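Let me begin by presenting the structure, written as structure tokens, before commenting on it.
Whatever order the structure lists ligands and atoms in, that order sets their numbers, starting from 1. Note that the structure is predicted; figures quoted are calculated from it, not measured.
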Amino acid sequence: MAENKHVILTGDRPTGKLHIGHYVGSLKNRVALQNTGKYDTYIMIADQQALTDNARDPEKIRRSLHEVALDYLAVGIDPKKSTILVQSQIPALSELTMHYLNLVTVSRLKRNPTVKTEIKQKKFGESVPAGFFIYPVSQAADITAFKADTVPVGDDQEPMLEQTREIVRTFNRIYDRDILVEPEGVFPPKGEGRIPGLDGNAKMSKSLGNCIYLSDDEDTIQKKVMSMYTDPTHIKVSDPGHVEGNTVFTYLDIFDPDKEHVAELKEQYQAGGLGDVKIKRYLNDVLQAELKPIRERREQYADNMDYVDQVLKEGSERANKVANQTLKEVRDAIGINYFG
Ligand code: TRP
């Protein structure tokens, strides 16, 4: 492993299959960064983080672990270039989390905006599982264990990076070392990183049932596209329509490489005379072209789950070596290496 290469650590919670929101929000960036060859890339399936609010349904997480692994391979994460690892198989991460928890206050954790929103959405209140409440600290362990300086994620993960940087600074200062590395996020280009749901909701999410999955077949994608939210005031084809807040055009902005054509379609739609069915059919073609090769690769890997398991096992073994080394340095710094 090259010594002074930049290091990427990133990942996803396996609570279901990945959808095109994940794809534009972070997967695309990860594949592009991987392919520059400038990084040691670690991609983590964060099953332990997923268990923090699914402790009573571990079967769901186990199943999703394999779905996410397939999604990764399908979008082009290449085990020859990137290490795909399973969080729960890296024990050093749990111990690092314990050490870092001593450097973080409850009031600081309560201020994390992403976790705050999630606690509200999940209606946890004071009954939030403690493991869920502290997951930003476990995420700091994930990132620092690999001395990652680069974390390609969706915008909602910025608070985790801020928290990680604080822990790194506090640790290095208190123990007067220069061991841990402050990470930077890599976010998608403005306007392209967040895709609304099919229903026009700002967020695509499984619980809202408004997703297109990377594994959806051709017919499913077409049905979903034809059901999309457009412009409620655009009733007759001849009516002038709105493109702002019109989900079909938001998707075209993100997925259609032919920007000039999208600009023309927008003009026609606004002038009146371009129907929703026609524009949806066009979006369907654009999406099918992007998703077909992904789906086909996914199906090939799904026929060979032994290979997928092997990738996860070897990746986790490689990751353990790196994380154990960091843990050793952390123990040395704290001075709890009593027996050498
Ligand atoms: N919190 C991320 C999510 O919600 C998953 C994750 C766990 C992660 N550990 C990480 C992301 C470390 C980046 C770096 O999907």
Side-chain angles (χ1 to χ4, degrees), residues 6-19 21-27 29-30 33-34 39-54 60-61 64-65 67-69 71-72 75 77 82-90 92-94 96-97 100 109 112-119 121-122 129 131-165 167-168 180-188 193-194 203-207 211 214 315-316 319 322-323 326:
H6 288 290
V7 179
I8 288 176
L9 179 288
T10 183
D12 296 278
R13 275 180 243 182
T15 54
K17 299 173 178 189
L18 299 184
H19 51 65
H22 295 110
Y23 180 62
V24 299
S26 53
L27 296 173
N29 248 345
R30 294 173 189 174
L33 290 168
Q34 161 198 272
Y39 300 87
D40 268 341
T41 302
Y42 295 89
I43 306 200
M44 163 184 291
I45 307 184
D47 60 336
Q48 218 166 336
Q49 190 178 106
L51 283 165
T52 61
D53 62 331
N54 288 283
K60 174 171 110 187
I61 308 307
S64 304
L65 175 89
E67 298 290 355
V68 171
D71 288 325
Y72 282 172
V75 297
I77 291 175
S82 298
T83 301
I84 305 179
L85 60 130
V86 180
Q87 189 184 31
S88 64
Q89 304 308 297
I90 320 294
L93 299 175
S94 303
L96 286 173
T97 304
Y100 297 166
L109 286 169
N112 183 306
T114 303
V115 178
K116 222 171 162 173
T117 308
E118 283 174 311
I119 289 176
Q121 275 168 355
K122 295 172 196 281
F132 185 86
F133 179 63
I134 63 106
Y135 90 70
V137 180
S138 118
Q139 197 156 328
D142 300 340
I143 295 168
T144 56
F146 299 91
K147 303 198 174 172
D149 56 6
T150 307
V151 182
V153 277
D155 300 328
D156 63 329
Q157 297 295 301
E158 175 57 25
M160 312 307 159
L161 291 161
E162 191 51 42
Q163 177 77 78
T164 303
R165 288 190 286 268
I167 290 172
V168 167
L180 302 182
V181 177
E182 286 190 44
E184 287 297 329
V186 177
F187 303 101
R194 189 172 277 265
K203 220 179 148 184
M204 180 172 279
S205 99
K206 192 176 56 162
S207 54
C211 306
L214 293 171
S316 300
V322 181
T326 304

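Numbered from 1 in the order shown, with element, the atoms of ligand 1 that lie under 4.0 Å from a heavy atom of A46 read 7 (C). Listed by number with element, the atoms of ligand 1 under 4.0 angstrom from any heavy atom of Q157 are 1 (N), 2 (C), 4 (O). Interface of V153 with ligand 1, defined as ligand atoms under 4.0 Å from a residue heavy atom, comprises 11 (C), 13 (C).
At least one side-chain heavy atom of R194 sits less than 4.5 Å from a side-chain heavy atom of K203. Side-chain contact between M160 and V115 is present, with at least one heavy-atom pair separated by less than 4.5 Å.
By the 3.5 Å distance cut-off applied to N or O atoms, Q139 is counted among the residues near ligand 1. Between D12 and ligand 1, no N or O atom pair is found at a separation short of 3.5 Å. In terms of N/O distances under 3.5 Å, ligand 1 is approached by Q49.
A salt bridge between E118 and R13 is present, with a side-chain N of the basic residue lying under 4.0 Å from a carboxylate O of the acidic one.
For atom 15 (O) of ligand 1, the nearest non-hydrogen atom of the protein is R13 N, 3.3 Å.
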Please step through side-chain contact (heavy atoms from CB on, under 4.5 Å) for the pair V137 and I167, ending with a clear verdict.
CA-CA 8 Å; V137 180; I167 290 172; 4.2 Å; yes
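Nearest heavy-atom pair across V86 and S316 is N-OG, 3.1 Å. The shortest heavy-atom contact between G315 and T83 is O-CG2, 3.3 Å.
When D142, L9, T114 are checked for heavy-atom proximity to atom 14 (C) of ligand 1, L9 turns out nearest.
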